[in-house]
Each structure stands twice: as C-alpha cells, then as structure tokens.
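Everything quoted here is computed from the prediction, not taken from an experiment.
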Amino acid sequence: MISAGLQLLAFALALSGVSGVLMATLLPNWKVNVDPGSNIITAIVQLQGLWMDCTWYSTGMFSCTLKYSVLALPTHVQAARAAMVLACVLSAVGMCTATIGMKCTRLGGDRETKSYACFAGGVCLMSAGISGLIPTVWYTKEIIANFVDVTVPESNKHEPGGAVYIGFISAMLLFISGMIFCIKKDSEVWLHPSKQQHVPTTQPEDRSAYSLKDYV
C-alpha cells in the first residue's frame, strides 16, 4: 500500500471538497447583477442562487426570497440542484468509505479489505467531482450566453458569482482526491511486485568427471 501521508493528503483534499460543494450548494450568489442606480443611495446588488434569490441595498437592507416552485425554474437550474445534491451525497459516502480503507484507521479488517474499501471510496469521490463539475460549467455557460446576447437588456444581464467558483474548485478537489484513492489499489502491483520463485542456477555436477577420492 502507498504511504499513509499520501492518503492523509487525499483525505484533506476530499474534506475541503465536501465542505466547498456543500457551501456552493447553499450559497445564493451563483449569479450576480449590480445595478448602480442614479446614485449610491439607490445602488442594488441582486444575487440568484439555486434555492433563493437575494437583494442587497446600499442602505444596508438585505432580503431573500425562496424558490418554492420547481417547475417554474429554468432547466439548467433544476439540473444544477439535482447534480449538486448528488455530489454532496456521493462525496460524504466516499469520504466515509475511504476512511475505512486508510492505513491510519483500525477499521476495515485485513489489508485486502481495506484496499477495496479505499478504492470504492475513491470511485465515489471521483463521481462526486464529476457531478459537481457539470452544473458549475453549465451554469456558467448560460450566464455568459445571456451576457453576450445583444437582445437581453442590461438590467437582466448577470455575471458568475462566488458560489460558481467555489463549486468548480471543490469539484476538482474531489476528483483529484478520488484519483489518489483509486491509484492506491493499482499501485500495489507497481510498488510491490510479486516475488518470483528463485530458480537455482547451480549446474549439476558432471558425472563424467573423475572423483579425486578414487586416487586416494
């Protein structure tokens, strides 16, 4: 098995990825629209997320409205909701499974069982990374397409918010940590190849040779 330090590195990356994916799922700033208004008193910042829309006024007031209707949402928002929730579930399952297979834990039983548990956890983490990467890229594509569309009024154009960047980075961390846990199982063959049976190279004694004891 590979070193426990590399496993701890993968675990730290996975923990950061899980926290980031959960944070990105709940944050309301997937896309942002700043309306400066006629003066600083009337400036408004509009934030839109997967579950709520928020408005921040320059006077300090902050209000949010939940999105209760699922069918009224655009297709990419519905898909982003489902994919991000799936990413949270898969990353949590992957972390628990990979923890069982780590060398620094006493769970999982023998060496072979821990190896398979670590590999299964890595697969879950990689799946979670892909599940979190798809909605962030798709959501960003929709924002950019809407921003460059000349038929859309300036007041309806948005820019990617911080939640999109957090979700993208967290998904990459989950994918990288899953790769480390998956490589762990296959690397056992590379790092510790099976020892071949030693074949004796000594030549059999030549029976045709004369024995010195015959002359004693």
- Item | Test side chain to side chain contact (heavy atoms under 4.5 Å, CB included) applied to Phe62 and Thr55, step by step | CA-CA 6 Å; Phe62 191 83; Thr55 304; over 6 Å; no
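Here the straight-line distance linking atom OG of Ser91 with atom CG of Leu173 works out to 11.5 Å at 0.5 Å rounding. From Leu174, atom CG reaches atom CD1 of Ile169 across 12.5 Å, with rounding to the nearest 0.5 Å. Here the CE atom belonging to Met95 is positioned 3.5 Å from the CZ atom belonging to Phe11, to the nearest 0.5 angstrom. To the nearest 0.5 Å, atoms SG (Cys118) and CD (Gln7) are separated by 5.0 Å. Distance CG/Leu86 to CZ/Arg81: 15.5 Å, rounded to 0.5 Å. Interatomic distance, CG of Asn33 versus CG of Asp53, reported as 11.5 Å (0.5 Å rounding).
Counting heavy atoms from C-beta outward, Met126 and Met179 have side chains that approach closer than 4.5 Å. In this structure, the side chains of Phe181 and Leu125 come closer than 4.5 Å at one or more pairs of heavy atoms. Proximity of Ile44 to Trp56: side-chain heavy atoms (C-beta onward) are nowhere separated by under 4.5 Å.
What you find for Gly49 and Lys67 is that their closest heavy atoms are O-NZ, 2.6 Å. Contact between Ala87 and Ser131 at its shortest, heavy atoms only, is N-OG, 3.6 Å. Across all their heavy atoms, His158 and Gln46 have their closest contact at NE2-OE1, 4.5 Å. Between Pro135 and Ala80, the shortest heavy-atom contact is CB-CA, 3.6 Å. In plain terms, the two heavy atoms of Gly132 and Ala171 that are nearest each other are C-CB, 3.7 Å. Between Ser177 and Ala10, the shortest heavy-atom distance links the atoms CB-O, 3.3 Å.
The aromatic rings of Trp138 and His76 sit tilted relative to each other, their planes meeting at an angle between 30° and 60°.
Within the 3.5 Å criterion, the main-chain N or O of Ala24 finds a donor-acceptor partner in the side chain of Trp30. Using modelled atom types, no side-chain atom of Thr136 and backbone atom of Val164 make a donor-acceptor pair closer than 3.5 Å. A donor-acceptor pair under 3.5 Å is absent between the side-chain atoms of Lys31 and the main chain of Leu47, judged by distance alone. Judged purely by atom type and a 3.5 angstrom limit, Thr97 uses its side chain to pair as donor or acceptor with the backbone of Val93. The backbone N or O of Thr25 lies less than 3.5 Å from a partner atom in the side chain of Trp51, making a donor-acceptor pair. Side-chain N or O atoms of Lys157 include none that pairs as donor or acceptor with a backbone N or O of Asn146 at under 3.5 Å.
The cluster map of Ile, Leu, Val, Met, Phe, Trp and Tyr, joined by side-chain heavy atoms under 4.5 Å apart, puts Met52 and Leu27 in different clusters. Following chains of ILVMFWY side-chain contacts shorter than 4.5 Å, one cannot reach Tyr165 starting from Val32, and the two form parts of different hydrophobic clusters. Note on Val21 and Val77: same hydrophobic cluster, where clusters join Ile, Leu, Val, Met, Phe, Trp and Tyr whose side-chain heavy atoms are under 4.5 Å apart, directly or indirectly. In terms of hydrophobic clustering, with Ile, Leu, Val, Met, Phe, Trp and Tyr side chains grouped at heavy-atom distances under 4.5 Å, Met84 and Leu26 are assigned to different clusters. Put simply, Ile176 and Leu9 are part of the same group of oily side chains (I, L, V, M, F, W, Y) that touch within less than 4.5 Å, one to the next.
Within a 6.0 Å radius of CD in Gln78, other residues, nucleotides and ligands contribute more than 12 heavy atoms.
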